[in-house]
Amino acid sequence: MTGATSFSGAWMARACADAGIEVHAAIRSDRSTYDGVRSHRLAMLGGSVTLHTGAVHRAGALAALITEVGADVVGYHGYPMEGFRSPDYDALGAAAAVTADLDAELAAAADAGSVIVYTGTVYEPGPVAGAEARAAVSAYGLSKRVAYERLRLAGSRAGVPVHRFVIPNPFGPLEEGRFGNHLATAWGRGETPVVRTPRLVRDNIPVRELAVRYAAFVLAGDGRAVSLEPSGYIESQFAFAGRLAEAVGVRLGRVLPLEALWDAPIEEPLVVVNDGRTSATFAANEAAYWDEYAEHLRQLMAASVS
């Protein structure tokens, strides 16, 4: 699996290991070079995941790892993220980097009898649940789709099944620079955070839930080309902010205020969600998800006190 030092990748690798899967994570650099939140993600993996330094998409490195471990499943999760929110993000360059050594990797996968699980994003071009087709929401989303289509085509020619797991908006511990962090930083400073896109309908899912579903998807692979689009809370960003403020506030014994820019221009599609027609239910796990997220945001609020 690539991308195990990313937010969602670390949780997915850990969930796979917890499900009894032998996980080998291809990372770019020696573990000692990672700091901050990425070092904490690696620490969470502990000894449950075997790390392989330098096994990236060039010079046959990842292909050699596939052969070495006899991979049943190869998780293509890592992706160039620098500037991914920018309209100037190099969509084609990023896709080219991820597929640069595709022939060697697919040859190794074919020899090992591997299935590819490619991680997509809800921001790729595609259908909106119950509506017409949608263009890519961002250059990053376009790039992810280009890489997937190239991988799918090459995989069909090489006889390697390519499955697709589509990530919506995960939230949870060990995140950085996300919506919850924005809210918590303001609360920690004694300010009222502003939801700048309150009308946008998005699909927010607890990262642990996402990871558990990923592990189940990996275990269920049977050689057919399949896709899974898990959903979480499908609602407006202001409604989700209210849900978050209430759930975290109750646990911290605080009233957490919110404001919204209701007249802000809408520059993205109003609805960007996975295939779920309604929000998912998390049963007994839901309270635990919010417990650990509240603790994560409490620490962030404490660190933000000016």
Side-chain angles (χ1 to χ4, degrees), residues 1-31 34 41-42 44-80 95-121 144 147-167 210-228 230:
M1 176 182 180
T2 65
T5 64
S6 69
F7 169 48
S8 54
W11 284 106
M12 294 190 306
R14 178 58 187 267
C16 286
D18 289 345
I21 300 171
E22 180 182 331
V23 181
H24 295 265
I27 61 176
R28 291 184 175 275
S29 307
D30 185 83
R31 181 171 183 163
Y34 291 89
R41 292 169 186 162
L42 286 174
M44 178 186 69
L45 298 180
S48 62
V49 173
T50 303
L51 304 179
H52 299 264
T53 301
V56 293
H57 300 290
R58 61 176 180 267
L62 183 59
L65 179 59
I66 293 169
T67 299
E68 176 187 340
V69 303
D72 296 312
V73 175
V74 182
Y76 276 65
H77 180 67
Y79 211 81
V98 171
T99 59
D101 208 23
L102 203 53
D103 289 344
E105 290 164 9
L106 288 174
D111 288 343
S114 307
V115 171
I116 303 293
V117 175
Y118 177 83
T119 301
T121 174
K144 290 286 287 184
Y148 167 68
E149 292 296 346
R150 184 174 183 194
L151 178 60
R152 185 170 65 91
L153 177 61
S156 67
R157 291 173 174 170
V160 177
V162 178
H163 297 190
R164 182 166 169 263
F165 183 86
V166 183
I167 294 182
L210 178 79
V212 167
R213 296 193 200 181
Y214 179 83
F217 184 66
V218 168
L219 285 170
D222 60 2
R224 293 175 298 149
V226 296
S227 178
L228 180 65

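Numbers for residues simply follow the sequence, beginning at 1.
Atoms OG and CZ, from Ser227 and Phe217 in turn, are 6.5 Å apart once rounded to the nearest 0.5 Å. For the atom pair NE2 (His52) and CG (Leu62), the distance works out to 10.5 Å, reported to the nearest 0.5 Å. Between atom OG1 of residue Thr2 and atom NE2 of residue His24 there is a gap of 14.5 Å, rounded to the nearest 0.5 Å. Annotation: the span from Ile27 atom CD1 to Thr53 atom OG1 amounts to 4.5 Å, rounded to 0.5 Å.
Here the side chains of Thr121 and Ile167 are not in contact, with every heavy-atom distance at 4.5 Å or above. Side-chain contact between Val49 and Met44: absent, with no pair of heavy atoms (C-beta onward) separated by less than 4.5 Å. Looking at heavy atoms from C-beta onward, Leu51 lies in side-chain contact with Leu42 at the 4.5 angstrom threshold. Two residues are said to be in side-chain contact when any heavy atoms from C-beta on lie closer than 4.5 Å; Arg28 and Tyr34 meet this criterion. Between Val226 and His163 there is a side-chain heavy-atom pair separated by less than 4.5 Å. Within the 4.5 Å cutoff, the side chain of Leu228 has no heavy atoms near those of the Val166 side chain. Counting heavy atoms from C-beta on, the side chains of Pro80 and Val98 come closer than 4.5 Å. Residues Met12 and Thr119 form a side-chain contact, since some pair of their non-hydrogen atoms from C-beta on lies under 4.5 Å apart.
Taking the six-membered ring where tryptophan is involved, the planes of Phe165 and Tyr214 are perpendicular, since the angle between them exceeds 60° and thus also 30°.
Residues passing the salt bridge (charged side-chain N to carboxylate O under 4.0 Å, His left out) test with Glu149 are Arg145, Arg152, sequence neighbours excluded. Checked against side chain to side chain contact (heavy atoms under 4.5 Å, CB included), Ala147 has the following partners two or more places apart in sequence or in another chain: Tyr79, Ala95, Thr99, Tyr118.
For the residue pair His77/Ser6, the side-chain donor-acceptor check at 3.5 Å is satisfied.
Taking every heavy atom of both residues into account, Ala215 and Ile21 meet most closely at O-CD1, 4.2 Å. Here the shortest heavy-atom pairing between Asp101 and Gly60 reads OD2-N, 2.7 Å. The heavy-atom pair separating Met1 from Ala13 by the smallest distance is SD-CB, 3.9 Å. The minimum heavy-atom distance linking Ala61 with Gly54 is given by the pair CB-O, 3.4 Å.
For the pairing with Val160, the side-chain contact (heavy atoms from CB on, under 4.5 Å) check across Val115, Val74, Ile116 returns one residue only, Ile116.
In terms of modelled atom types and a separation under 3.5 Å, the side chain of Ser114 and the main chain of Ala71 share a donor-acceptor contact.
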Evaluation steps, side chain to side chain contact (heavy atoms under 4.5 Å, CB included), between Leu210 and Ser8 = CA-CA 8 Å; Leu210 178 79; Ser8 54; 4.1 Å; yes

For side chain to side chain contact (heavy atoms under 4.5 Å, CB included), just list the numbers for Leu45 and Arg14, CA-CA rounded to whole Å, side-chain angles, deciding distance to a tenth of an Å, and then say yes or no.
-> CA-CA 6 Å; Leu45 298 180; Arg14 178 58 187 267; 4.0 Å; yes

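Counting non-hydrogen atoms of other residues, nucleotides and ligands closer than 6.0 Å to CG of Asp103 gives a total of 12 or fewer. Heavy-atom neighbours of Glu22 CD from other residues, nucleotides or ligands within 6.0 Å: at or below the threshold of 12.
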Less than 3.5 Å apart, which donor and acceptor atoms pair up between the side chains of residues 105-113 and the rest of the protein, not counting sequence neighbours?
residue : atom : partner : partner atom : Å
Glu105  : OE1  : His57   : ND1          : 3.3
Glu105  : OE1  : Tyr76   : OH           : 2.5
Glu105  : OE2  : His57   : ND1          : 3.0

